[in-house]
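Side chains included, hydrogens not; waters and symmetry mates left out as well; all remaining heavy atoms used. So that the names make sense, note that chain A is the first sequence line, chain B the second, and so on, each numbered from 1.
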Amino acid sequence: MLASIVLLPFVGFLANGIWYLTAQVKGGKSISARNSGVLATASIAGSFVLSLALFIRLIGLAEEERVFETVLFPWIQVGALDISFALRMDALNALFALVITGVGTLIHVFSIGYMDHDESPAKFFAYLNLFCSFMLVLVLGASLPVLFLGWEGVGLCSYLLISFWYTDPEKASAGKKAFVVNRVGDFGFLIGMFLIFTTFGTLDFAALKAAFATVAVAPGIVTAMGLLLFVGCMGKSAQLPLFVWLPDAMAGPTPVSALIHAATMVTSGVYLLARMSFLYAATPDALSVIAGVGAATALFAASIALVQNDIKKVLAYSTVSQLGLMFLACGVGAYATGVFHVITHAFFKALLFLSAGSVIHGMHEEQDIQKMGGLRSKMPQTFFVFGAGWLAICGIPPFSGFFSKDEILWQAFSSSHGGTLVWAIGSLTALLTAFYMSRLFILTFLGKGRTDKAAHAHESPWVMLIPLQILAVLSITGGFMGVPHASWLEHWLHPVLAHAPELRAGVHHETEWFLMGFSVVVAAAGIAGAFFLYRDKRAADNLAARFRSIHTVLLQKWYVDEFYEAAIVKPVARFSSFLWKTFDVKGIDRVVLGFGSFAGQSGTLARTLQTGSTQLYTFLILVGFASIVGYTLYGIFR
Amino acid sequence: MAFSGNLLSWLVFAPFIWGLAGLLIPARNPSWTKYWALGGTIVAFLLSVVVYLQFDATSAAFQLQESVSWIPSLGVSYKLGLDGISLWLVMLTTFLCPLVILGAFEAVEKKHKGFFFLLLALESAMLGTFLATDAFLFYVFWEALLIPMYFLVGIWGGKDRIFAAMKFFIYTMAGSLLMLVAIFYLAYQFNVQSGMGISTSLFDLYTVKVPGDGYLSAQSLLFLAFALAFMIKVPLFPLHTWLPDAHVQAPTAGSVILAGVLLKMGGYGLIRFALPLFPDAVRLYQWPALVLGTIAISYGALIALVQTDIKKLVAYSSVSHMGYVVLGIFSLNAAGMSGAIYQMLAHGISTSGLFLVVGMIYERRHTREISAFGGLAKVMPLFAVAFLIIVLSSAALPGTNGFVGEFLILLGLWQTAPVLAVFSALGVILGAFYLLWMFQRVMYGKVNGEENAQLKDLSTREILVLVPLIVAIFWMGMAPGFWFSKMQPSVDALVSKYQASAVAELRKVSP
Amino acid sequence: MALEVLFFYLFASLAIAFSLITVLRKNPAVCAFSLIMVFFSFAGIYALLGAHLISALQIIVYAGAIMVLFVFVIMLLNADAPSFDLTSSHWGLRVATFVICGGLFLAFVWAFKNSALSPVTGPFTGDQVKALGGNTRVLSSLLFTKYLYPFELTSALILAGIVGTIALAKRSPAAKKVKH
Amino acid sequence: METLPLNLIDPATLQLSSAQLQALLPYLIFFGGICLALILSVVPAAKPTVTTPVICALSMVASAASLLISASPEPLFGGMLLTDTFAHFGNALFLACGVCAILLSYRYLEKQKLNYPEYYLLLSFSVLGMMLMASTLNLMVLFIALELMSLSVYVLVAFRRNDRRSNEAGVKYFILGSAASAILLYGAALVYGATLSVDLLEVSKRTLQSSAVNSPLLVLGMLCLLVGFLFKVASVPFHTWMPDVYDGAPTPITALMTTGLKAAVFITLIRVVSTWVGTPVAGVFHAVLWFSAAATFFVGNVVALKQTNVKRMLAYSSIAHTGYLLIGILAGPTHPEAFAAVLFYVTVYAIMNLGAFAVLTVLAGYGDTGLELADLSGLSERHPWLSFALACFLFSMTGLPPTAGFTAKYFLFYSAIQSGEIWLVVLAVLCSAIGAYYYLRVVVHLYMRDPVGQFATFKVSRGAIVTLGLTLALVFQLGLVPGNALRWMGGLISTDKPAQVGAR
Amino acid sequence: MPNAIEPWVVLSFCSAIFFIGLTGVLIRRNILVIIMSLELMLNAVNLTMVTFSTSLNDMGGQVNVFFIIVVAAVESAVGLGLVIALFRTLRTVDTDQIQVLRG
């Protein structure tokens with residue numbers, strides 16, 4: 001049953017893929033989005049049902065027995081290395097599986113409408129199914145290599161889906177960028193795996209957890225392991241400094257952004273941290289780094305999101321920022337909180353993206369919010385659901401985002417790994433988030449249509465709206481699984497995660513109420529600021545003009561891409577050219593050929609004796625004779 | 001079975017004899033020749049399957065041995081045998097050859113008979129190299145295969161084919177000649193030490209003990225002589241410069257054989273000869289070899305990055321990938337060694353695939369310049385899928401064959417030299433970069449030009465060529481145990497010479 | 001005895017002088033003449049050494065046959081030879097030749113002076129030879145017994161020489177000259 | 001010879017037993033055949049241009065056949081003629097080369113308008129010279145035989161009398177060859193003075209008995225002999241004649257020189273050097289041989305790189321092979337198996353060169369034109385079998401398996417390693433990699449280049465086909481299953497009597 | 001017998017003639033004179049043989065000289081034949097004129 005969860009979407013992938021290929025062989029007649037979409041949706045929905053069933057069975061079990069395990073087949077067995085292709089479901093990844101399959105199903109449904117006019121929807125759905133399959137392998141994998149298989153597999157699907165519309169070179173490029181940047185992270189992941197294997201002799205999570213308890217390892221090594229794995233997370237979850245691929249990844253179809261680059265794949269870093277929490281619990285140094293990186297990313301991305309004009313870019317930076325918050329949570333030791341935010345974020349960010357997709361769909365592929373406005377009347381359904389998502393991310397109670405974000409801020413403030421600084425940064429991020437999301441909301445839906453397109457926008461079909469509505473409901477209510485002090489989620493995850501850290505000295509539980517209130521105020525302030533500024537767009541433009549330098553820097557995303565281009569890509573290319581044209585061809589190869597030309601030149605030289613002159617020939621005989629006689633006589637009789 | 005006693009001989013010589021018979025086919029029927037040659041390789045493949053079925057995976061010993069006294073006065077006997085290591089390389093060879101021939105059906109424009117005969121002869125020589133258990137016999141096959149390869153490159157190759165053929169031939173031959181001298185020396189030493197007469201039998205040579213303390217001791221010099229030959233073949237940086245020329249100029253079939261099988265001989269030679277024969281020298285030169293392997297990985301990848309010719313890019317990618325093989329071998333532990341062998345197989349499959357794929361578009365467009373292509377995914381969707389899968393396997397995506405080898409090699413290397421493992425792992429990043437970039441430039445973007453828009457998608461024949469490769473890619477990626485199980489005893493026996501203790505330690509730690 | 005020594009030195013100096021003339025003089029006819037003189041001197045030395053048959057052969061074969069051949073060829077070619085007094089080529093080569101040959105000569109002299117001849121000696125002392133009927137008789141007996149085989153070989157050699165010379169000298173039926 | 005018989009003519013010395021006559025049979029048959037041909041050649045009615053080659057070839061074949069029954073371990077004529085199996089192997093080889101040369105020559109001479117009976121007579125005489133030279137250790141006999149061979153070849157080289165190249169080659173060869181012969185003869189005289197014998201077996205015995213090696217006389221004598229031989233095998237710096245002579249000679253004669261003549265000199269050299277085994281002489285010449293071997297294969301190989309004429313290139317390649325062979329000669333005294341290796345190598349070398357020159361003979365136009373590399377371009381299109389054969393011979397000369405050239409090199413270098421000449425062998429193999437270049441360049445022209453202009457039309461003569469077939473078969477036979485040949489040749493070199501080769 | 005003359009003196013004399021002959025072969029361009037120089041060399045060898053023969057009481061040396069004379073005669077005949085053939089085609093006996101074969 002566990003295997004079926006993974007296999008069902010894979011079967012869907014195969015079915016759609018083969019369908020697509022046979023259609024190509026027969027002459028490229030395309031398959032309709034409805035047919036392929038229904039097939040794909042059915043497979044992922046089946047997977048969801050199975051996950052749900054297993055989840056319910058898990059609930060029924062005693063706390064310590066909440067594990068399902070299945071070994072599909074032995075994978076790599078060499079010497080001491082024994083990696084089985086095993087899946088294991090416990091309390092932690094059951095939740096992830098539910099989110100993936102659940103949100104995935106909704107997004108599949110949405111895509112049926114969204115991809116209706118596309119050339120090759122079957123291919124799209126095949127990729128989407130494949131992604132789900134890999135994502136499930138990632139979370140359900142029982143060992144690091146299996147996780148890594150899924151990890152790279154989702155990267156591949158991300159690559160394929162980002163460059164889905166590959167005829168646009170930029171989109172094709174974005175896909176490659178995503179894959180390569182992810183590879184940088186994977187590099188750390190791999191090394192981390194090696195370190196773990198050589199230290200503990202196993203890569204299976206359960207065995208690792210057991211071994212970690214028994215084998216004494218130097219703290220430095222543990223920190224190294226933690227940080228190396230975290231490098232992998234940086235890549236996959238788009239943290240500083242490897243976040244650059246995610247905004248570009250918006251080149252893919254919007255459902256892809258919703259599923260992969262908001263709800264599921266990018267949060268796998270958080271999953272990994274939670275999965276390895278037993279290890280991280282032993283290394284406060286690594287945790288500090290994680291918290292620092294998370295906080296920095298959150299603030300940094302939020303700052304960029306402030307001024308972006310592409311609806312998906314804003315959401316993308318918002319995702320990066322929210323991921324930063326999740327890592328902040330993990331970094332202060334509150335893994336459950338991080339997971340909580342993963343779930344709520346999956347709901348509301350998927351919602352936001354899909355609504356954005358609905359908007360784009362309605363606006364005929366227009367993504368610039370400066371060209372929108374007044375869509376409330378044109379797309380009322382979308383307006384409502386987007387509004388729900390907006391309030392959720394801003395952290396207005398009782399929407400889901402409020403609970404999780406507030407929990408993060410509280411943990412950041414109160415945890416013994418946290419502190420006022422991270423809390424302050426988190427709060428600032430919350431403020432900015434509320435501001436830019438409101439800006440987005442206002443510019444898109446309120447006011448008047450600023451272009452013809454906006455004036456002629458149309459509402460999306462039902463097949464797209466129904467998933468939105470379901471997600472809206474989830475965004476509104478999802479937070480209740482983690483109500484402070486009565487958190488079902490925390491209780492549920494308690495056995496599988498490392499325990500939350502102690503309270504910081506001098507922090508009291510009463511403070512939590514105060515902070516909760518404060519965060520509501522912050523969110524409200526952000527929203528209010530946005531309304532104040534963007535009621536009249538000219539005021540905003542004036543402000544931008546006044547702080548033009550800052551505005552430009554933010555608009556240009558702090559020039560990070562440019563920096564990488566100049567500091568890494570270009571030098572590498574130049575160095576490679578040097579290696580090839582100068583070092584390889586003119587250096588090594590010339591040495592090799594030099595042996596040949598040495599022989600040739602010796603030949604030319606020796607040939608000069610061959611003048612055809614009999615005298616010279618005789619003279620050479622004489623010289624030979626004399627030297628042989630001289631040498632030998634001297635040698636013997638000296 | 002009729003040939004149960006000398007199954008391996010049948011396997012080795014069947015393609016050659018078949019090819020000879022094929023020469024009798026009248027030249028006016030090129031298609032008969034093609035199908036005849038295809039039949040020959042399939043027969044060889046079936047024979048190798050029989051070999052596989054008869055192979056006992058529980059034993060590290062050489063099996064299906066044949067031994068006939070050949071040149072008694074030189075201590076040379078005709079000895080064949082295979083163990084778990086050679087088994088898969090043999091299978092790789094027999095597996096690739098039918099695909100190569102099928103792939104070359106349309107590519108050959110002149111002298112069909114010669115072309116297919118040479119391919120079959122080449123197959124025989126390659127099989128012989130992998131199966132010989134006598135140093136002399138090994139050397140005979142090793143050198144003999146240069147001849148067909150030389151003609152394949154020189155007659156059916158690209159513009160600079162003659163230069164490339166010459167360079168390939170002389171470079172590799174010069175390298176192996178010193179090995180010949182070393183073989184002499186060992187055979188002679190065997191007589192001196194054992195008094196049982198000279199012998200070039202591998203098993204006898206294994207017993208020879210040569211003083212090996214110091215970087216210039218007799219054993220080290222012998223090792224260097226062997227290693228030079230093998231590392232040129234691998235090819236290891238900085239001995240690789242024959243490879244871009246030969247690969248690029250060779251016809252597709254030649255490139256595939258070169259990359260798919262010939263390069264593996266270097267690695268195989270190291271495993272079969274250098275390691276068991278010269279344990280002290282190998283330990284001494286372990287570090288230089290590891291450092292060079294590490295350099296090779298990044299070096300090949302970086303140069304591949306800036307290539308404008310697809311074939312050249314693939315050629316340099318081979319330099320990079322084969323660097324892993326050297327690393328794995330010189331890690332001197334079970335993980336590294338198994339990984340190295342696996343990487344050889346994987347590289348054989350995926351790089352062959354790359355060359356075949358490049359050959360397919362070359363046949364259509366008669367150019368290999370990346371800039372001449374663009375947007376092919378639109379006009380050739382099937383091709384795009386196949387190409388992508390092969391590219392990904394070359395980029396070592398988990399789930400494909402490339403990953404298993406690289407993972408094990410890096411794991412093995414990590415246990416030997418963590419710092420180098422870190423640097424080698426950089427190849428993981430660069431590999432994805434240059435391969436996907438190439439893929440992007442060729443396949444993605446707008447359809448570039450009228451010629452590209454007219455391209456036809458894969459034909460049935462081409463699909464038949466690629467499908468087995470793709471199946472192998474995933475099979476090897478997902479079920480490596482199938483492969484490892486056969487070679488494990490041999491690898492363990494080999495590694496135990498070096499790290500009897502280390503393996504045990506690892507076993508102890510694992511729960 | 002002293003007389004013999006005197007004659008030896010006389011013949012020796014004559015031989016050296018004439019051989020130098022042979023080698024150094026430009027006119028081949030002069031060279032040929034000097035060569036004859038060298039041969040005669042040699043014949044004298046042979047006689048002094050008691051090798052009477054050799055001495056006779058030296059005059060008959062060398063001076064009589066071979067030199068006639070030379071002179072004949074000189075005459076033959078001289079008819080339309082443009083220039084016949086060809087001297088040696090490059091002077092550096094010449095000097096080097098003199099030096100090296102001189103050095104070798106000195107090395108040989110040193111060797112002769114410093115080495116003993118074969119410790120084994122043969123039975124043909126002067127008295128024995130006389131007792132057996134003199135140098136000529138002994139020599140010819142040996143030629144037809146012990147040395148029969150090489151003696152017969154020389155016949156093959158001479159035959160080959162004759163055939164070769166005929167082949168070279170014969171005018172070709174198709175007397176077409178091909179300039180290359 | 002303690003007591004002198006008063007009657008010097010001892011009847012016993014003139015009588016030959018039937019066994020001895022049998023031993024003489026090959027020589028007698030051959031010589032008789034030559035004489036018959038000689039007589040018929042002056043009878044116009046007998047069609048000398050046809051009968052002479054036929055009789056010469058037949059007598060060679062008959063002589064070769066009689067070799068089978070004539071081997072005798074007992075030396076004849078007081079040791080002047082050795083008719084052991086070693087000698088007979090050499091004889092067979094020379095006769096085979098001679099027959100092939102005649103087979104190749106007939107059509108060639110017709111094409112060159114040179115079809116004279118003298119040619120075949122001289123060719124036969126030279127083969128006779130080779131046979132006699134290889135079956136003696138007596139320096140005087142050796143010298144006469146050498147001259148018999150050389151003088152015939154001088155004339156043969158210059159046989160295209162209207163061609164200045166041929167004349168030039170003949171004269172050069174004559175001058176240099178005679179000078180070298182004189183030096184060799186001087187050496188014989190000095191050896192005679194030092195040991196009172198010109199029989200090298202006797203010399204080596206006496207050398208062992210006394211401390212004669214310390215006598216500068218003997219050393220000088222041996223050195224002069226060595227120089228003479230080094231000249232004949234064309235070792236650097238005595239090699240300069242070889243390219244010019246090979247180039248200028250009629251192609252079948254070049255074939256004979258590079259095969260039979262070279263083999264004869266080396267087989268003789270084996271005999272000569274094998275008398276050094278166990279004596280201090282070998283040590284004296286070690287360094288000299290070492291350097292001349294190294295210089296020879298180096299110079300031969302590198303200069304061959306620069307040649308554009310195939311014949312001339314093969315001449316330099318011949319020099320290179322001389323270098324390799326000298327390694328064996330050098331190794332022989334310490335490891336007599338090396339002599340067997342030299343013997344095998346020289347045989348293989350003769351076979352493959354005979355084949356290669358057979359192709360060249362077929363290709364050669366009037367005046368030996370058409371042998372430039374460029375003339376061979378695309379030959380495989382027109383004459384696939386001819387190209388295939390030439391390619392096989394070239395691969396064999398390169399030393400690639402599975403050809404005989406490889407086995408021969410292997411055996412030779414292997415023996416050298418056993419006698420401790422590791423570094424020389426290393427140099428040699430490296431140089432043989434250079435060699436690959438120029439051999440393969442010919443193959444490039446044969447197979448990989450398009451024809452330049454029109455081919456001269458020619459037919460492959462039946463003689464050439466026979467020669468090619470035989471040599472090709474042997475190249476592969478000795479490459480694939482050399483076991484018996486090697487064992488047999490090893491047997492020719494008897495290691496139990498180190499002072500003499502072939503005393504069985 | 002010339003006991004008064006030391007063998008080494010005679011031998012040295014022979015060697016002088018031999019090297020004079022060799023010098024002649026080297027420095028002369030006239031092929032006829034070269035052949036004459038060759039004869040000089042052979043004569044020197046002959047005398048060496050005879051010297052050894054008489055000082056060591058062995059007739060073998062003199063027999064050898066007999067053969068050498070024969071060889072020398074044949075050699076000159078063939079040599080002169082070659083000269084004539086050369087002269088016929090090239091109208092020269094100058095070795096510097098025969099340098100077509102080179103390189």
> Tell me, which pairs form a salt bridge (Lys or Arg N to Asp or Glu O under 4.0 Å) where one or both residues lie in residues 187-204 of chain A, sequence neighbours left out?
Replying inline: Arg88(A)-Asp204(A)
>> Considering only residues two or more places apart or on different chains, which pairs with a residue in residues 580-591 of chain A satisfy salt bridge (Lys or Arg N to Asp or Glu O under 4.0 Å)?
In response: Asp589(A)-Lys167(B)
[X] versus chain A, the contacting section by heavy-atom distance below 4.5 Å:
X	result
Val385(B)	side chain
Leu426(B)	both
Met443(B)	backbone
Leu388(B)	side chain
Tyr434(B)	neither
Ala377(B)	both
Trp483(B)	neither
Leu305(B)	side chain

Any side-chain heavy atom of [X] within less than 4.5 Å of one from [Y]?
X	Y	answer
Phe237(B)	Ile588(A)	yes
Leu436(B)	Tyr159(A)	yes
Gln415(B)	Phe197(A)	yes
Ile429(B)	Phe187(A)	yes
Phe433(B)	Phe179(A)	no
Pro480(B)	Trp75(A)	yes
Ile76(A)	Phe484(B)	yes

Which one of [options] has the most heavy-atom pairs closer than 4.5 Å to chain A?
options	answer
Ala174(B), Ala421(B), Ala432(B), Ala304(B)	Ala432(B)
Met487(B), Met337(B), Arg441(B), Gln307(B)	Gln307(B)
Phe439(B), Tyr316(B), Tyr342(B)	Tyr316(B)
Gly374(B), Pro418(B), Ala395(B)	Ala395(B)
Pro398(B), Ser298(B), Ser338(B), Ala425(B)	Pro398(B)

Below 4.5 Å from any heavy atom of chain B, which atoms of [X] appear? Answer side chain, backbone, both or neither.
X	value
Phe578(A)	neither
Gln77(A)	backbone
Leu203(A)	side chain
Phe73(A)	side chain
Val184(A)	both
Leu81(A)	side chain
Leu195(A)	both

> Okay, side chain of Arg183(A), backbone of Leu430(B): is any donor-acceptor separation there less than 3.5 Å?
Replying inline: no
> Highest number of heavy-atom pairs under 4.5 Å with chain B: which of Ser577(A), Gly587(A), Pro74(A)?
Replying inline: Ser577(A)
>> Which one wins on heavy-atom pair count under 4.5 Å against chain B: Pro169(A), Ser163(A), Ala172(A)?
In response: Ala172(A)
Value rounded to 0.5 Å, distance of [atom1] in [X] from [atom2] in [Y]:
X	Y	atom1	atom2	answer
Gln24(A)	Leu382(B)	CD	CG	6.5 Å
Ile463(B)	Leu21(A)	CD1	CG	9.0 Å
Lys446(B)	Tyr166(A)	NZ	OH	11.5 Å
Trp414(B)	Ile191(A)	CH2	CD1	5.5 Å
Leu302(B)	Trp580(A)	CG	CH2	13.5 Å
Met478(B)	Leu72(A)	CE	CG	8.5 Å

>> Other residues, nucleotides and ligands only: do more than 12 of their heavy atoms fall within 6.0 Å of CD on Glu170(A)?
In response: no
> Does atom CZ of Phe163(B) have more than 12 heavy-atom neighbours from other groups under 6.0 Å away?
Replying inline: yes
>> Could you walk me through whether Ser173(A) and Gln440(B) satisfy the side-chain contact (heavy atoms from CB on, under 4.5 Å) test, starting with their C-alpha distance in whole Å, then the side-chain angles of each, then the deciding distance to 0.1 Å, before giving a yes or no?
In response: CA-CA 7 Å; Ser173(A) 213; Gln440(B) 177 197 333; 3.6 Å; yes
> Between Tyr299(B) and Leu579(A), is a side-chain contact (heavy atoms from CB on, under 4.5 Å) present by the stated rule, with each step listed?
Replying inline: CA-CA 8 Å; Tyr299(B) 184 85; Leu579(A) 276 186; 3.7 Å; yes
> How far apart are the C-alpha atoms of Glu119(A) and Lys378(B), what are their side-chain angles, what is the distance that settles it, and do they pass the side-chain contact (heavy atoms from CB on, under 4.5 Å) test?
Replying inline: CA-CA 11 Å; Glu119(A) 277 181 13; Lys378(B) 197 87 194 165; 2.6 Å; yes
> Closest heavy-atom contact between Ala573(A) and Val306(B)?
Replying inline: O-CG1, 3.7 Å
> If contact means a heavy atom pair closer than 4.5 Å, which residues of residues 593-600 of chain A contact chain B?
Replying inline: Leu593(A)
Residues 399-412 of chain B side chain polar contacts: donor-acceptor under 3.5 Å, at least two apart:
residue: Thr400(B); atom: OG1; partner: Leu397(B); partner atom: O; Å: 2.5
residue: Asn401(B); atom: OD1; partner: Ser393(B); partner atom: OG; Å: 3.3

